[in-house]
Every structure is written in C-alpha cells, then in structure tokens.
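As the structure lists them, so they are numbered: ligands from 1, and atoms in each ligand from 1. Since the structure is predicted, the reported quantities are computational estimates derived from the model, not experimental observations. Worth knowing before you read on, the calculation uses all heavy atoms, side chains too, and leaves out hydrogens, waters and symmetry mates.
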Amino acid sequence: MSTISHDQDWVRRPAAAGEGTLCDAAEYEALYARSLEAPDEFWAEQAGRLDWVQKPAKIADWSYDPVDIKWFEDGVLNICHNAVDRHVEAGNGARTAIIFEPDDPEGETRHISYADLQREVVRMANTLKKMGVAKGDRVTIYMPMVPEGAFAMLACARIGAVHSVIFGGFSPEAIAGRVEDCKSDWIVTADEGVRGGKPIPLKANVDAALEKVPAKGVLVIRHTGGAVTMKDGRDHWYHELSRDVAADCPCEPMKAEDPLFILYTSGSTGKPKGVLHTTGGYAVWTETTFRYVFDYRPGEVYWCTADIGWVTGHSYIVYGPLQNGATAVMFEGVPNYPDHDRFWAVCAKHKVNIFYTAPTAIRALMREGEGHVAKHDLSALRLLGSVGEPINPEAWRWYHDHVGGGTTPIVDTWWQTETGGVMITTLPGAHDMKPGSAGKPFFGICPQLVDADGGVMEGAAEGNLCITRSWPGQARTVYGDHERFVQTYFSTYPGKYFTGDGCRRDADGYYWITGRVDDVINVSGHRMGTAEVESALVLHPKVSEAAVVGFPHDIKGQGIYCYVTLIAGEEATEELEAELRQQVRREIGPIATPDHLHFTSALPKTRSGKIMRRILRKIAENEFGALGDTSTLADPGVVETLIEGRRNR
Ligand code: 6R9
C-alpha cells in the first residue's frame, strides 16, 4: 500500500445521486443511530420486508464469549420463496430475473423471468429429491457461470439441503478435500465450462475427485455437449432425470438458524475452513445490504461480475438481487475475451445501470487503455461498485472517470465470506467518497481498531480491524469445528470478532482497509492461505521446506512468491520449477500458480525455528533496506544469500 495520505481527496457525490434515493445523509445518520440504539426494533423492521412462515419474535440473541450467535431464532422462512416465488405471487412473474450472457459473444443470450426461474428451480429441486437428496444433506455445486448454477443453489435452499459451491477453477484435489470435509454425498456439475473460448473439464475433475472420496450421486448438466464418461448408478444427466418430475415443489419451512450454505475459504493456517451461514439472518442481511448499498430501483439492470463460487456471487448475484426482485446479469466469460472491451460491450448491450466488479479487473482493463471503454455507450450506468481487495486511488479514478463518465458514484464495499454481506461502504445517496477508502459502517456495524495488545484506538488511528457487535449476516461457525471458529475469529481479541484486516480510520470517520495482517494473501481478489501453497509445494519429494509470501503485483494486487529449499543432493532445475508449478495447480488450482519460485539453501529462522516471514516479505518486495531487526536470526548470513538471489531474478 502507498504511504501517501489521501485523506483529503474527496470526490463529492453528484447531486443527481441523491434524487429518488432510498437513503440520504440525514437518513443514514438516523438509521445508523437507531440500528445501534434499538437493534431489535431496527432488524425486526428490516426483516419485515421478507415473507415469513412464522414471523420472528426473538431478534438478536448472541454472545462472543462464549461464541454463540443467533438471529430471528423463532422465525420460520424459506429464502428460495423470498428470492423467487413471492415475486411471482405478487404478479411480477414476467419481470426478468436473470439475463445470461455467454462466453461467446455470438452465443445465445437468455432472459429468464421470475416465472421461468420458479419453474426451473422447482424442476431442479424435484430432480435433486429424485436422486435422493434430503433436507439437511450437503450438496456440492461445481458449476460454470450459467443460470443452472443459480438454479441449483436455489433448489437446495428450497428443499432445505445445504449447498457447498466450489469455484469452477479448483482442482480435483481441492474438490475432494471439500467434499470429504462436509461429507457431501451429492454433486451437481456440468459436462464442461467455457471461459475465454477454452473448455474447462468440470465433470472430468469431479470424476478424478471421486476416485479419492465417495459420493452417492452426481447430477450432470449438459452445457457444451463435450464428451464425458458417466458412471452407472452414480451419475445422472439432468435433462434425463428431470424429464418426468412434478411441476410443483413446496418450499421447505426452515428455522431461521437452520444452515443454508457452507463456503470454503482460506485462513492463515491449515486447510480451508467451511464457513457456515444460516437461513434467516443471511436472508435479511443480503436483502437489506443489496437494497441500500446498490440503491436498487425496480426495472434496473444490475451486473455483478463475480463467480457464484465466491461469496460475492452468493450474496450479490443470487440471494441479494433476487430477494429484491432485481434483474441480474450473469456472465459466463472473462473481461478480455474476445477483446479487452467485453465488460463494456456487455454493459452497453444490456443497458446495465449498476455494475459491480473487482479492482484486479479494473487494473487489468486500465492497462489496455480507455479506448476500449470509449467505444461503447455506457450512458445507462448509474452506480459502480468495487469489492475483493483495496482499490488503489489511481484505479478508482480511472473507473470513475472513464467507466463512470466522471459522475457515477462508486461504492467500495468491504466485507468477507464470514460477514455474509457488505460491512463498510459509502451509500450512493448519502456519502461523498474518498478514492481508496471503503467509507462508513453499514447499519448495525460497530468497527473498532485495536493495537497489537488489544488496546482500543479512538479517533484517527491505524490498527487491526475488529467488529464488536454481531450482525444478522455473520457466519455462525466453521462446519464441523466450532472450536476452530472460536480460535480463528474470537481468540486474538477476546469478546470481539477479528477480521484479519489492517485498517486506518481518518479524522472524518472513513475507513481505509490496508490489507490482511495474517498469512493470507489476496491474489486477484481471491483469498489464499500461504500455508495451503506451502503444503502443496512440500508434497513434492524433492522439496524440503517452503515459505510463501505475497508481493505487490500490478494487476493481481498481490502475487505469489515461493521460497523453496530442496532435499540435500537435489538440484534446482527448470524441469523441477515446472513440476512445482504444476503441483500447485493440481493441488489447489490455476489461481494459486506461483509467480516466483526462489530456490534457496536455507530460510531465515529464529533460534526457536520460526520462519521470519516479515523478512521474506520484504525481500520479495525488493525492499532490502528495511528488513528490520535480524538479530534474532539463527544465521543472519541467510539474508544476504536471499537478497543476492532476489537481485539476480
Ligand atoms: C467479499 C470478499 C475477504 C478479504 C477481506 C479483505 C479483502 C474485500 C475489500 C477488501 C479492501 C475492499 N477485501 N473487499 N479489502 N477493500 N472493498 O472479497 O470476501 O473472499 O472472503 O475476502 O478481502 O482483506 O478480509 P473474501
């Protein structure tokens, strides 16, 4: 992160942003105050926009010590009903729910109305039941970015099954680990995906995963028509199994605290954690945040470019927009195929009003020049959003000036898989913006900055970001390992939720996220534990030890820098380098491919044997002058060798 202070770089909210808005500055202040002073009343009111089978009487009921989080506990509802059926019942069945834009610009665009969506979700739900899926079962969804992915999620929610979506870029190893961890007997996948014109062998990856772990049934959606092998008794084609299912399927009444989904995310240690979200709180949180943050107005077209395999896709492609009756674009492709103007071509084609993407995409497109943007009519754009990592002020300006025509407000939304939805952001009708700052806390959110010893920092300060009170969308546990949940998030600063992010609050009360303070790196907006990459590397028989750190990368935000020591007698060769890259891709997936492999005879360690990552980080960043105290190193000579190695790269 740059050390230049941008505190006073205001971008004033255009007057038009306040017109017809849900929430202006005074309303934000009043609502925020009420959300803290009378949380039960406030959240009962927000929850009142949803359909409940039984309205909740109990609202907030949580404790961070011991950790036990419940919201709307005696309420009963179904989130699929709220996302789909109630819009049809209200006479809005003809409204478009999803616009599907395929990878191939010449391919067929699909407009799926809420009535179509209901039909499709019912068909998928009944097919899942027919395969054997029951309420409470975990269903793994490994799908390309096609509407059937959303149908599968909603179908699970409809019948009370718990979905676990795995990003389509993950490897068979990663699938197997996740299937095993949540004991998922059922998998929904497609023959293949396509991104940027290239096929992705989804079914073949599932087959490879299922050589390691068992599954009772695999439902396969035909997408590209590519050849796949089907295992008798286990694998079913969706178009065949769904042929004679009933045309109706009631929504299962779910208790508010019944699990809705598991989503695996990287932490600083060990294997990925299955973050668990439950039904009622998540429904209310995604409905409310979508409504206020994007200030959605009926009839508008909204596009979030995330993948449904990440939490952003869950909350802001599927549950948030659909619960609001919005029209959401779902895009199968990538920003640079067939050319660098694809995002803008799609915005123009579908007259997108609200566009939500990640800084890594903005930086990559910025590099290609604004000519690609200028070619397209983006006059429908009313609001832009950013998510996934800190956006550098330069990219913010480019996004604002060239994509937003210099007037469109930007919401820079800070949140996490564990928070379920947006936590810190400006609201388009309420706040002026500062490029690079996420802004102000959303309703009900109490951020707190603490120093390394847990001391609370007031006013303008920089420290570790904690949240002191629970909010409805908060994750409830780590699937199957509540102790790990407690340890990871509530033990560093007892009584508080620790986000793992560093943060600065300026004199105006605006929050500036400075990035992860733990051993998690953020590569193109994807969270990755350095420990995961290290584990993949040391699996190789020639590798003795590995230490992985992030380093600043122009496009990806952070790149992956791996220090590797070899077993005595082994030599660092180009072949070995290629094998190690391949190994990481196989174990985790292409997104984890190392940018640098730095072979070294030793790693800097303390006398107690701890690798000094701080030093490795500095060397990877080419910051040799600022290594700090190296006196505790067992062998300070190692540092010189590493610097030499870095210089020669
Ligand atoms: C939604 C999502 C969470 C981590 C988070 C932080 C980083 C996300 C950000 C941001 C600065 C923003 N992050 N949004 N940093 N400004 N607007 O990305 O969830 O994949 O769990 O990642 O991403 O470091 O802790 P997830």
Side-chain angles (χ1 to χ4, degrees), residues 1-2 6 165-167 169-170 261-268 272-277 282 285-286 289-290 293 304-317 319-320 356-363 384-393 395-396 399 410-426 433-442 445 447 464-467 473-475 478 488-489 497-505 510-530 532 550 556-558 591:
M1 285 293 293
S2 143
H6 294 278
V165 184
I166 300 180
F167 174 58
F170 277 124
F261 68 85
I262 298 165
L263 187 54
Y264 285 87
T265 191
S266 296
S268 47
K273 296 183 283 283
V275 169
L276 183 93
H277 283 283
Y282 179 82
W285 188 244
T286 49
T289 50
F290 179 83
V293 175
C304 165
T305 69
D307 191 286
I308 53 161
W310 309 115
V311 75
T312 307
H314 282 58
S315 300
Y316 299 111
I317 295 178
Y319 292 114
Y356 190 32
T357 196
T360 182
I362 298 167
R363 288 192 297 265
L384 301 174
S386 173
V387 61
E389 52 180 320
I391 179 164
N392 41 311
W396 195 104
Y399 194 30
I410 297 179
V411 288
D412 175 0
T413 61
W414 173 83
W415 58 293
Q416 310 176 295
T417 304
E418 297 85 344
T419 72
V422 175
M423 302 283 281
I424 299 181
T425 182
T426 52
M433 299 156 286
K434 297 190 187 197
S437 164
K440 308 274 273 184
F442 191 75
I445 298 307
N464 294 335
L465 178 62
C466 293
I467 312 288
Q474 180 165 32
V478 167
T488 310
Y489 305 107
Y497 168 76
F498 176 43
T499 64
D501 279 328
C503 181
R504 189 163 60 81
R505 181 175 46 222
Y510 274 54
Y511 288 83
W512 302 70
I513 306 296
T514 54
R516 304 286 305 189
V517 296
D518 52 17
D519 288 328
V520 174
I521 48 184
N522 190 328
V523 182
S524 299
H526 303 321
R527 260 168 84 170
M528 215 162 311
T530 51
E532 285 171 74
K556 301 186 198 175
Q558 279 188 298
I591 50 170

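No N or O atom of Thr312 sits closer than 3.5 Å to an N or O atom of ligand 1. In terms of N/O distances under 3.5 Å, ligand 1 is not approached by Ser386. Looking at ligand 1, you won't find any N or O of Thr499 less than 3.5 Å from one of its N or O atoms. At a 3.5 angstrom cut-off on N or O pairs, Gly388 counts as close to ligand 1.
For ligand 1, the atoms lying closer than 4.0 Å to a non-hydrogen atom of Asn522 are 7 (C), 23 (O). Short contacts between ligand 1 and Asp412, defined as distances under 4.0 Å to a heavy atom of the residue, involve ligand atoms 12 (C), 16 (N), 17 (N). Those atoms of ligand 1 that come under 4.0 Å of a heavy atom in Thr413, given as number and element, are 9 (C), 12 (C), 14 (N), 17 (N). Each of the atoms 1 (C), 19 (O) of ligand 1 lies under 4.0 Å from some heavy atom of Val311. Residue Val387 approaches ligand 1 through these ligand atoms, each under 4.0 Å from one of its heavy atoms: 1 (C).
For Phe261 and Tyr282, the distance between ring centers is under 6.0 angstrom.
For the 3.5 Å distance criterion, the side chains of Tyr497 and Gln474 fail to qualify, holding no donor opposite an acceptor. Looking at Gln416 and Thr499, their side chains never bring a donor and an acceptor atom within 3.5 Å of each other.
Proximity of Pro390 to ligand 1, defined as any heavy-atom pair under 4.0 Å, is shared by backbone and side chain alike. Within the 4.0 Å heavy-atom criterion, the part of Glu389 lying near ligand 1 is the backbone and not the side chain. Residue contacts with ligand 1 for Asp501 involve side-chain atoms from C-beta outward but no N, CA, C or O (heavy atoms, distance under 4.0 Å).
Each of Arg505, Lys434, Lys440, Arg504 was compared with Tyr511 under the side-chain hydrogen bond (donor to acceptor under 3.5 Å, both in side chains) criterion, and only Arg505 meets it. Between Trp285 and the options Phe442, Phe290, Tyr316, a ring-ring contact (aromatic ring centres under 6.0 Å, His included) holds for only Phe442.
The shortest heavy-atom distance from Trp310 to ligand 1 is not under 4.0 Å.
Among all protein heavy atoms, the one lying closest to atom 2 (C) of ligand 1 is Trp415 O, 3.7 Å. The closest protein non-hydrogen atom to atom 22 (O) of ligand 1 is Arg527 CD, 3.1 Å. Counting protein heavy atoms only, atom 21 (O) of ligand 1 is closest to Thr417 OG1, 2.6 Å.
A distance-only check finds a donor-acceptor pair linking the side chain of Thr514 to the backbone of Gly502 [under 3.5 Å]. Checked by atom type and distance alone, the side chain of His314 pairs as donor or acceptor with a backbone atom of Ile308 at under 3.5 Å. A side-chain donor-acceptor contact under 3.5 Å links Thr413 to the backbone of Ser386.
Using a 4.5 Å cut-off on side-chain heavy atoms (C-beta onward), Trp415 and Ser315 make contact.
The aromatic rings of His526 and Trp310 lie parallel to each other, their planes meeting at an angle below 30°, with 60° marking the opposite boundary.
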